[in-house]
Amino acid sequence: MTDVPDNTAAPENAQTAEEALAAEAESTEQHQVRLAKRQRMIDSGIAPYPVAVAVTHRIADVREQYAHLESGEETDAVVGVAGRVVFARNTGKLCFASLQSGDGSRIQAMVSLAEVGEESLASWKDLVDLADHVFVTGRVISSRRGELSIMVTDWHIASKALRPMPNLHAELNDETRMRQRYLDLIVRDQARQNVRIRAAVNASMRETFAGHDFTELETPMLQRVHGGASARPFVTHSNAFDTELFLRIAPELYLKRAVVGGLERVFEINRNFRNEGADSTHSPEFAMLEAYEAYGDYMTIADLTQELVQNAALAATGGLEVELTDGSVYDFSGEWQKLPMYESLSEAAGREVTVETSLDELLAWAGELEIEVDQPTHGKLVEELWEHYVKPGLDKPTFVIDFPVDTSPLTAAHRSKPGVVEKWDLYVRGFELATGYSELIDPVDQRERFVAQASLASRGDVEAMPLDEDFLTALEHGMPPSGGMGMGVDRLLMAVTGNGIRETILFPLVK
RNA sequence: GGGCCUUUAGCUCAGUCGGUAGAGCAGUGGACUUUUAAUCCAUUGGUCGCGGGUUCGAGCCCCGCAGGGCCCA
């Protein structure tokens, strides 16, 4: 970093040098004690933070390789391992420490007077604290009680921790888990698991796409015109262009440009940003998957979506019948049902509803149920009634298909059913996980809908989409008929694990 | 946006009727060569989230603000 932006103020929580010194002066007794040990090491020529340590084995490897040792059995195999001290038990002339590696596996180090001599043993007792990283060399043995151990012949501190670890015998509270995730990762196996599951799900999705010849793209996050969804954007400023820029709310309009250019099967897994509320199911920045398939439609993209989610569940848990964190089991297997919106509403309500049902009738009906809708339209009322009658009963994975046209302005009209559009919402465990369309590719139609949105924006609707002239030009060059879908990756993780959104995001934004 | 709960030692939490701040772990000093959250003896550590108010006296009651959580919209 050599270019220092001239108009970038220091973040509010950044410390000045004076504040940093003041913070040090306010440090706790434990911090002071550890700082003093660090200094003592330096003064006597011992590096508290060596550049490298000569590790020969990972702790998990030693455990696996020597799992067969009987209690008290010793070997001549010499290994060098490093780990964080998570327990320490000193008995005068023999010290025990449990070393933990990043994956959570542990091994016991034994520092004995007979092996290391008086000076080294005294130094261990003096310098080694809980939370320090230490590197030990020694023979692999099993203790009298059968604990796999390293009988240490040589050791040194690999990294001196200046702050104490959280209490290992009590749960860290939720706030500390989020704000200091590194502590959560040190003390809680499930926190480590969550990271691995997320990585496995991401890898699984890329693999599934690769199996269908999709190409992964990375489209702009900084955009001059934000589009592709209805949401309030974050606004920023480019010094170089001296212009306002937006953090993207969706990658859709760029992925479609790519399809116009002949990249027929594309996907992107990346972050979107929406300047809206944050709660247990919404984060201002969230990972989104979008995919477009030329010459496909909403049904082919539904099949792909089912495969993506099923493979993700397999990658996360090893099966399609998934045990969630609350102990319940959810079944992702089989072919998922497709439930047409009007038909399912009619059946659940015991009363026929079609695209012909009048606004007055729907209004009266909603009124009886005390359902209130702002600026009611036929489509809004049908969706509200559907949510009242059908949604609560949705448990199995379900594609809800064929939505009213007036609430889905960016979707192609159904090829045979008048009044509905080729759109689905995927519901899993009762919440909306993904949405898919047969994409609107008529540039004239698209322009009219943008103009309608732009007039909403000019009347103060902060979520309305602005007109994207450059995108319309692209469409005028001809986009092939396509299916498209979008899925929240964080929601997918929630669906296959039962975790809350703040558990699926490693470092969630907190105030 | 509304309602309820919550914020006390490094961590996890108690704190009764309003009467001068407690525990476990961690830390400090000591004992201990097979421990497993080692044990035993001694011991340090507090802006009770922040700001007001009531009171002779507030961690506790009242008002406001901030952080966090849950439920509802």
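Keep in mind that this is a model prediction, so the values were computed, not measured.
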Between the protein and nucleotides 1-9 of chain B, which nitrogen or oxygen pairs come in under 3.5 angstrom?
none

Salt bridge (charged side-chain N to carboxylate O under 4.0 Å, His left out), that's the test. Do A:Asp103 and A:Arg196 meet it? Break it down for me. CA-CA 10 Å; A:Asp103 64 0; A:Arg196 282 195 285 270; over 6 Å; no

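- Mapping A:Leu172 and A:Arg179 onto RNA chain B by nearest heavy atom places A:Leu172 at the nucleotide closer to the 5' end.
- Taking 4.0 Å as the cut-off between side-chain N and carboxylate O, A:Arg139 and A:Glu115 count as a salt-bridged pair.
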Kindly give the atom pairs (protein nitrogen or oxygen, nucleotide nitrogen or oxygen) under 3.5 Å for nucleotides 70-73 of chain B.
none

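- Distance, A:Met178 CE to B:rG69 C1': 9 Å, rounded to whole Å.
- Under 4.0 Å is where a charged nitrogen must lie from a carboxylate oxygen, and between A:Arg271 and A:Glu290 no such pair does.
- Backbone-only engagement by A:Glu175 is indicated by non-hydrogen atom pairs under 4.0 Å involving sugar-phosphate atoms exclusively.
- A distance of about 13 Å separates the P atoms of B:rG59 and B:rG18, rounded to the whole Å.
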Going through the checks in order, is the salt bridge (charged side-chain N to carboxylate O under 4.0 Å, His left out) test met by A:Glu503 and A:Arg188? CA-CA 12 Å; A:Glu503 291 283 293; A:Arg188 196 167 61 102; 3.2 Å; yes

Show me the donor-acceptor pairs, under 3.5 Å and distance only, between side chains in residues 361-369 of chain A and residues at least two apart or in other chains.
from	atom 1	to	atom 2	distance (Å)
A:Trp365	NE1	A:Tyr389	OH	3.1

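- A:Arg34 has its CZ atom 12 Å from the P atom of B:rA26, to the nearest Å.
- Note on A:Ala36: nothing from the nucleic acid sits closer than 4.0 angstrom, heavy atoms only.
- The residues A:Glu285 and A:Arg274 are annotated as not salt-bridged, no charged nitrogen and carboxylate oxygen being separated by less than 4.0 angstrom.
- Using atom P as the reference point in both B:rC60 and B:rU6, the two lie 13 Å apart (nearest Å).
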Output field dot_bracket for RNA chain B (Watson-Crick or G-U, both distances under 3.5 Å, | for other-strand pairs) contains (((((((..((((.....[..)))).(((((.......))))).....(((((..]....)))))))))))).

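- Taking the charged nitrogens against the carboxylate oxygens, A:Asp490 and A:Arg198 do have a contact shorter than 4.0 Å, which makes a salt bridge.
- Here the P atom of nucleotide B:rG10 and the CG atom of A:Leu183 are 14 Å apart, to the nearest Å.
- Taking atom C1' in both B:rG15 and B:rU54, one finds a spacing of 22 Å when rounded to whole Å.
- What separates CD of A:Gln30 from C1' of B:rC25 is a distance of 10 Å, to the nearest Å.
- The CG atom of A:Asp129 sits 9 Å away from the C1' atom of B:rG27 (whole-angstrom rounding).
- One interatomic measurement links the two molecules: CZ of A:Phe87 to C1' of B:rU36, which rounds to 8 Å at whole-angstrom precision.
- Taking atom C1' on both B:rU8 and B:rU33, the two are 42 Å apart, rounded to the nearest angstrom.
- Between A:Tyr330 and A:Phe332, the ring-plane angle classifies as perpendicular under the 30° and 60° cut-offs.
- A:Asp425 pairs by the salt bridge (charged side-chain N to carboxylate O under 4.0 Å, His left out) definition with nothing, not counting sequence neighbours.
- Look at the C1' atom in both B:rA66 and B:rU43: the space between them is 37 Å, to the nearest Å.
- Comparing B:rG68, B:rU12, B:rG27 against the side chain of A:Glu29 picks out B:rG27 as the nearest.
- Of the candidate nucleotides B:rU28, B:rA26, B:rU12, B:rA26 has the atom nearest to the side chain of A:Pro164.
- Distance A:His169 NE2 to B:rU12 C1': 11 Å, rounded to the nearest Å.
- Ion pairing between a basic and an acidic side chain is recognised when a charged N comes within 4.0 Å of a carboxylate O; A:Asp129 and A:Lys160 show such pairing.
- Taking the six-membered ring where tryptophan is involved, the planes of A:His378 and A:Tyr342 are essentially parallel, since the angle between them stays under 30° and well short of 60°.
- Of the N and O atoms on the side chains of A:Thr435 and A:Trp424, not one donor lies less than 3.5 Å from an acceptor on the other residue.
- Geometrically, A:Lys423 does not engage A:Tyr437 in a cation-pi contact defined by less than 6.0 Å to the ring centre and at most 45° from the axis.
- The distance from atom CG of A:Asn173 to atom C1' of B:rG10 is 13 Å, rounded to the nearest whole Å.
- Across the C1' atoms, B:rA37 and B:rG51 are found 42 Å apart, a figure rounded to whole Å.
- A:Ser149 comes within contact range of no nucleotide atom at all, as no heavy-atom separation falls under 4.0 Å.
- Checked for salt-bridge contact, A:Arg40 and A:Asp43 miss the test: no charged N lies under 4.0 Å from a carboxylate O.
- Comparing A:Val33 and A:Glu147 by the nucleotide of RNA chain B whose heavy atom lies nearest to each, the residue mapping closer to the 5' end is A:Val33.
- Using atom C1' as the reference point in both B:rA14 and B:rG46, the two lie 15 Å apart (nearest Å).
- Under a 4.0 Å N-O distance rule, the pair A:Arg502/A:Asp174 does not qualify as a salt bridge.
- Between B:rG52 and B:rA58, the distance separating the two P atoms is 14 Å to the nearest Å.
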B/S/- contact track for nucleotides 29-34 of chain B, protein heavy atom under 4.0 Å: ---BBB

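- A side-chain N or O of A:Ser344 and one of A:Trp386 form a donor-acceptor pair less than 3.5 Å apart.
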